[in-house]
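Structure first, commentary second.
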Amino acid sequence: ANTAFDGEDYELAEQKYKEAFAIFPKPEIQERIDRSNELLKEATRREQGEKQFQKIITKAEEKFNAGDLEGALDLYKRALGLKPDDQGAADRITAIEGLIAQQGQKEEQYANLIANGDNQFDASKWDEAIAAYEKAASLKPNEQYPRDRIAEAEKNRTAEQQAMQRQEQYSQFIKDADNLFSKEKWEKAIETYQEALAIYPNEQYPQDRIAACRVKMKEAESVMSNKEQQAKYDEIIARADAAFQNKEYETAKGLYKEAFTVMPEDYAQRKINEINEILKRQTQEQELNAQYQKILEVADTKFEAGDLNK
């Protein structure tokens, strides 16, 4: 019994002491029985406490590994309450409190980056917004929000760049078209204004300029037609004048009439009137000559007949 007691096998010691007490019921043996019983109960409590301690430690580790630092911290504190002298639990508490503090700083930094990214996004500063969201995503890789905002910002940036390119193309087309307009190259100007309209179909300026080009083209066609008409008139007048100088009055008259139908100028009409007067005088002279010849023939006949008085 004493050997079991000294070896802290209190259950065996109690049993042996009871056997000895049955043979020799001495008070000192009863004290040994009572003491063994007390120590056995104390050992049982310690064993149960150790089991509970290890169970809590196991749960705390599970919480820690799952990233639940607050839950792990609470369990380690409960475990330390069971074993206040356990340095492992105390060290874990210190480490977790440090991690929680770092996490708090990380959360604050993340929130600041997100706020900055949102402000830049709202100001349409896409590059700055993307940079802020990327830093936030590096702090918390599992967060979806910064990734979604990065994708949206990139989409908006691309759309804005494309819009700027369209504006630059439109402005260049307008510049080129205006230059062609100033050089009176109406058809090429219209083509270039139409290229500008293909980019911005609702813009009024290129539509107005196209209309102006078409007016200018009609004016140019009218001027060209007038020049051609004038050239034709001048050519006919030259021929008519030549015929007139050669006293080919009928030919000249016909040409002056033809010129008058091309351009009803006073000159052609005056020359027609002049030729009419000339032809009228010629007709009168021919009639007088005919009368004269007729009288002369009658006189010659009378003379040959000896009728001198007649």
Side-chain angles (χ1 to χ4, degrees), residues 1-22 26-120 129-151:
N2 289 333
T3 301
F5 186 90
D6 292 337
E8 297 184 357
D9 187 354
Y10 302 116
E11 185 175 0
L12 178 60
E14 182 182 12
Q15 179 183 346
K16 292 300 181 180
Y17 283 130
K18 284 181 178 180
E19 290 176 359
F21 186 80
K26 295 180 180 182
E28 59 270 21
I29 296 177
Q30 182 61 52
E31 289 176 1
R32 281 290 192 169
I33 292 171
D34 294 339
R35 182 59 179 162
S36 294
N37 183 262
E38 289 174 2
L39 291 173
L40 178 61
K41 289 180 179 179
E42 184 178 341
T44 301
R45 285 196 299 271
R46 283 200 305 270
E47 184 179 355
Q48 291 175 346
E50 182 63 29
K51 288 181 179 179
Q52 187 177 4
F53 173 84
Q54 291 299 330
K55 185 177 180 181
I56 294 172
I57 289 295
T58 300
K59 289 183 178 179
E61 285 298 315
E62 290 175 355
K63 292 282 186 180
F64 181 85
N65 292 332
D68 184 1
L69 298 182
E70 294 289 346
L73 181 62
D74 180 63
L75 289 172
Y76 278 120
K77 286 181 176 180
R78 286 173 57 190
L80 192 62
L82 293 175
K83 292 179 69 175
D85 296 332
D86 189 88
Q87 190 60 44
D91 291 342
R92 289 299 264 172
I93 289 172
T94 301
I96 291 173
E97 287 177 341
L99 290 173
I100 289 174
Q102 290 179 4
Q103 191 177 61
Q105 294 174 353
K106 182 178 177 181
E107 287 289 341
E108 183 179 358
Q109 187 178 4
Y110 174 83
N112 290 336
L113 286 168
I114 290 296
N116 181 41
D118 289 343
N119 289 335
Q120 301 296 342
I130 289 170
Y133 289 133
E134 285 178 342
K135 289 180 181 178
S138 70
L139 290 177
K140 300 180 72 173
N142 295 327
E143 286 293 326
Q144 187 63 35
Y145 180 79
R147 293 202 298 272
D148 290 343
R149 294 292 271 180
I150 288 170

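Here the structure is a predicted model, which means the values were calculated and not measured.
- To the nearest 0.5 Å, atom NZ of residue K16 and atom CD of residue E19 are 4.5 Å apart.
- Under the side-chain hydrogen bond (donor to acceptor under 3.5 Å, both in side chains) criterion, Q144 pairs with R147, D148, not counting sequence neighbours.
- R92 is linked by a side chain to side chain contact (heavy atoms under 4.5 Å, CB included) to E61, F64, Y76, counting only residues two or more places apart in sequence or in another chain.
- Taking the charged nitrogens against the carboxylate oxygens, E70 and K63 have no contact shorter than 4.0 Å, which rules out a salt bridge.
- What you find for P146 and A136 is that their closest heavy atoms are CB-CB, 4.5 Å.
- For the pair N116 (side chain) and N112 (backbone), a donor-acceptor distance under 3.5 Å is absent.
- The side chain to side chain contact (heavy atoms under 4.5 Å, CB included) test applied to R78 returns I56, D74, L75, not counting sequence neighbours.
- Remark: E62 pairs with no residue by the side-chain hydrogen bond (donor to acceptor under 3.5 Å, both in side chains) rule, at least two apart or across chains.
- The neighbour count for K140 NZ, taken as heavy atoms of other residues, nucleotides or ligands under 6.0 Å away, is above 12.
- A donor-acceptor pair under 3.5 Å is formed between the side chain of Y133 and the backbone N or O of D118.
- Taking CG from L113 and CG from L139, the interatomic distance works out to 6.0 Å, rounded to the nearest 0.5 Å.
- Rounded to the nearest 0.5 Å, atoms NZ (K83) and CD (Q54) are 6.5 Å apart.
- Distance check, rounded to the nearest 0.5 Å: NZ of K77 to CD of E97 gives 5.0 Å.
- A20 meets the side chain to side chain contact (heavy atoms under 4.5 Å, CB included) test with I29; sequence neighbours excluded.
- In terms of heavy-atom proximity, A90 sits nearest to L80 at N-CD1, 4.1 Å.
- Applying the side chain to side chain contact (heavy atoms under 4.5 Å, CB included) test to K18 and every residue at least two apart in sequence or in another chain returns E14, I33.
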